[in-house]
2 protein chains.
Amino acid sequence: MNSIISPLLTTAITAADKTFYTLRTDIVEGRIAAGSKLSEAELSTKYGVSRAIIREAISRLVSCHIVERKANIGARVVALSLEGLIELYQVRESLEGMAARLAAQNMTAEQITELNALLNQHAASVKDSQSYYQEAGDVDFHYRIIIGSHNTQLITLLTEGIYHLVRMYRVQLGMAGPRVTTAFAEHQHIAQAIANRDAELAEMLMRRHITYSRQNIEHKLHSQPQKGSL
Amino acid sequence: MNSIISPLLTTAITAADKTFYTLRTDIVEGRIAAGSKLSEAELSTKYGVSRAIIREAISRLVSCHIVERKANIGARVVALSLEGLIELYQVRESLEGMAARLAAQNMTAEQITELNALLNQHAASVKDSQSYYQEAGDVDFHYRIIIGSHNTQLITLLTEGIYHLVRMYRVQLGMAGPRVTTAFAEHQHIAQAIANRDAELAEMLMRRHITYSRQNIEHKLHSQPQKGSL
DNA sequence: AACCCTTAGATTGTCGACAATAGTCTGATA
DNA sequence: TATCAGACTATTGTCGACAATCTAAGGGTT
């Protein structure tokens with residue numbers, strides 16, 4: 001889909017790495033249910049690796065906040081709630097707002113050109129079938145701005161941490177959000193601000209953009225008390 | 001010193017946990033130099049545990065961005081640079097600004113009272129010897145606001161991730177920043193905004209507060225090209 | 001019947017040994 | 001002398017086994 005799933009590493013890939021990526025995908029995409037227990041022995045036979053590998057993979061998932069572990073008891077996939085998803089959106093608002101600000105300052109001319117090309121490409125998709133833009137396109141747009149911030153810490157936090165969490169919540173809570181066309185217009189305005197090197201405006205627009213999404217979720221929270229599949 | 005170092009866990013503490021905390025402290029406090037290699041066998045004998053424990057501890061440090069690891073080659077403490085520290089301050093500005101905003105909305109009356117009590121206590125210290133406030137007091141103040149945000153994701157990111165990194169950079173780059181008395185005044189203004197439940201203002205003041213610190217560092221960067229002990 | 005203690009099973013934590021890979025040194029050849 | 005091939009050493013990656021801990025079942029007591 002896009003390069004968020006498997007980061008661009010020049011270094012060798014070990015069995016523990018593969019198991020980590022596989023396990024994470026299985027959880028994020030919902031093949032392993034939220035709240036379910038992760039038995040080391042069970043996963044060991046399932047993925048055909050030793051328990052040590054499984055343990056390392058689980059440890060990393062704990063670091064990502066995808067899994068919680070209690071000593072001598074075991075590891076469980078985190079429990080999902082709309083409140084938790086809202087918390088994540090608050091963090092996103094903060095971090096991606098800063099990313100947009102820094103992108104306006106630091107993006108190269110090429111990166112800006114590519115960002116606009118991406119939007120033009122999306123414009124066509126939006127007219128045809130609005131379905132495409134819903135997921136991959138949105139992720140791509142945000143991803144490029146994050147990378148454009150040129151801030152390593154920020155990039156790592158968002159692409160290796162927050163984004164997988166957000167996706168997990170959205171998939172498992174069944175948040176196939178609408179907001180397609182309006183979101184597209186917001187993306188255009190953000191890209192414009194970045195092209196104008198207007199850092200203040202870029203940050204403000206990005207924060208609003210994410211705030212709208214969050215409010216959209218909060219609205220669902222209040223209209224239908226519990227939607228979670230848990 | 002304060003509860004950031006060892007989080008409040010009700011669960012049992014395993015040998016891997018202890019080793020992780022010890023190793024992290026040794027690195028953050030500079031007893032293990034930045035950029036140095038972490039030999040598993042060496043650390044195994046040094047801390048008196050098996051290599052498996054060391055490997056788990058290192059894995060966790062990698063997740064914290066304190067250590068970098070290449071497959072089949074080994075792990076090194078991250079290289080320090082003022083540029084990296086500045087990147088961290090940008091992330092802090094973003095996250096702690098949001099924390100202040102949320103704290104103004106969500107802090108309990110007790111928490112606000114305690115925050116003011118802390119500031120009063122500091123006021124005395126500042127008059128006597130300005131040295132105290134430099135480190136622990138500053139951390140305490142920020143810590144309470146982070147906790148006051150009541151956003152689990154935000155709290156974890158800051159207290160288990162960013163803060164140890166910032167401290168490591170500051171210790172090892174020899175950043176015993178001045179800005180003592182002015183910082184204290186800024187803290188007072190932030191606390192006032194939170195007490196008034198003025199979320200907008202609290203965020204703005206916190207962001208400025210951290211921006212000032214960052215600019216203070218950037219100034220050093222330009223005046224003395226390389227200060228790093230590496 | 002309710003409660004507590006003991007015991008058995010299963011799961012996690014820890015360890016030492018083996019396998020695989022990276023880096024180094026030697027030595028032969030052009 | 002410079003360079004490349006190959007073996008050797010050291011370090012990391014992976015594995016299966018043992019130890020420690022938690023959970024549940026069973027029996028006994030009040």
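Per chain, numbering begins at 1; letters A, B, ... match sequence-line order.
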Original post:
Would you say D:dT12 has OP1 or OP2 under 4.0 Å from some side-chain N or O of B:Lys37?
Top reply: yes
Original post:
Aromatic rings A:His187 and A:Phe141: how do their planes relate, parallel, tilted or perpendicular, breaks at 30° and 60°?
Top reply: parallel
**OP:** Let me know, please, whether A:Ala75 or A:Ala52 comes out on the 5' side of the other along DNA chain C by nearest nucleotide.
**Re:** A:Ala75
**OP:** Output the single nucleotide from D:dT14, D:dT21, C:dT21 whose closest atom is nearest the side chain of A:Asn72.
**Re:** D:dT21
**OP:** Consider the side chain of B:Arg55, meaning its heavy atoms from C-beta on, and name the nucleotide among C:dA22, D:dT14, C:dT14 that approaches it most closely.
**Re:** D:dT14
Original post:
For the side chain of A:Ala15, counting heavy atoms from C-beta on, which of C:dG13, C:dA22, D:dT14 is nearest?
Top reply: D:dT14
**OP:** Assign B:Ile54 to base, sugar-phosphate, or nothing according to its heavy-atom contacts below 4.0 angstrom with the strands shown.
**Re:** nothing
Original post:
Can you find a side chain N or O atom of B:Thr14 that sits less than 4.0 Å from OP1 or OP2 on C:dT12?
Top reply: no
**OP:** Verify the ring-centre separation between B:His164 and B:His65: is it less than 6.0 angstrom?
**Re:** no
**OP:** Side chain of A:Val49 only, please: which of D:dC15, C:dC15, D:dT12 is the nearest?
**Re:** D:dC15
Original post:
Taking the side chain of A:Ala71 as its heavy atoms from C-beta onward, which of C:dG13, D:dG13, C:dT14 lies nearest to it?
Top reply: C:dG13
Subject >> Rounded distance (Å) that lies between atom C1' of D:dC18 and atom CZ of A:Arg51 >> reply: 11 Å
**OP:** Would you mind telling me which of C:dA22, D:dC15, D:dT12 lies closest to the side-chain atoms of B:Glu40?
**Re:** D:dT12
Original post:
About how many Å separate OG of A:Ser149 and CD of A:Glu96, when rounded to the nearest 0.5 Å?
Top reply: 10.0 Å
